[in-house]
Amino acid sequence: PRPFVVLGESPLVPINVMDSSFPSGHMSFLFAVAFFVFWYYRRLGWVLIVLSTLVGLARIYAGVHWPLDIIAGVCVGILAAAMVRSLASKQ
């Protein structure tokens, strides 16, 4: 369950209560993009990593994700970016 459900609070953003919070789909997507860009354009990649991290922190603050949800989403995103990079380099 999402944090706001467990804690009995209302979320700060509209969210479907029935959706699972683990892992964070937002973090998976944002970090996949950020790391893929980072491997080719370092400066822009750093900017995207910082912005993605801020989104993750905001989602924890809003009560829609636990910190572990964010960390797992980051890991999934990095792995996805690495797989795409690996596949792209083989062609």
Legend entry - Donor-acceptor contact below 3.5 Å, side chain S28 vs main chain S24: yes

Inset, instruction - May I ask whether V47 and Y41 are part of the same hydrophobic cluster, defined by side-chain heavy atoms of I, L, V, M, F, W, Y residues being less than 4.5 angstrom apart, directly or through others? - result: no

For residues 69-78, which side-chain donor-acceptor pairs fall under 3.5 Å, sequence neighbours excluded?
unit_1, atom_1, unit_2, atom_2, d
D69, OD2, S21, OG, 2.8
D69, OD2, W66, N, 2.8

Inset, instruction - Determine, using the 4.5 Å side-chain heavy-atom cutoff (strictly less than), whether F35 and M83 are members of one ILVMFWY cluster. - result: no

Legend entry - W39 atom CH2, neighbour heavy-atom count above 12 within 6.0 Å: yes

Inset, instruction - Is it possible for you to say whether V84 and V37 belong to one hydrophobic cluster, with membership spreading through side-chain heavy-atom contacts below 4.5 Å? - result: yes

Legend entry - Heavy-atom check, side chain of Y40 versus side chain of R85, under 4.5 Å: yes

Legend entry - Name of the residue among V55, I49, L48 meeting side-chain contact (heavy atoms from CB on, under 4.5 Å) with L30: V55

Legend entry - Lys/Arg cation over aromatic F38: R42, 6.0 Å, 45° cone: yes

Legend entry - Cluster check F31, W46: I/L/V/M/F/W/Y, side chain < 4.5 angstrom: yes

Legend entry - Over 12 foreign heavy atoms within 6.0 Å of OH, Y61: no

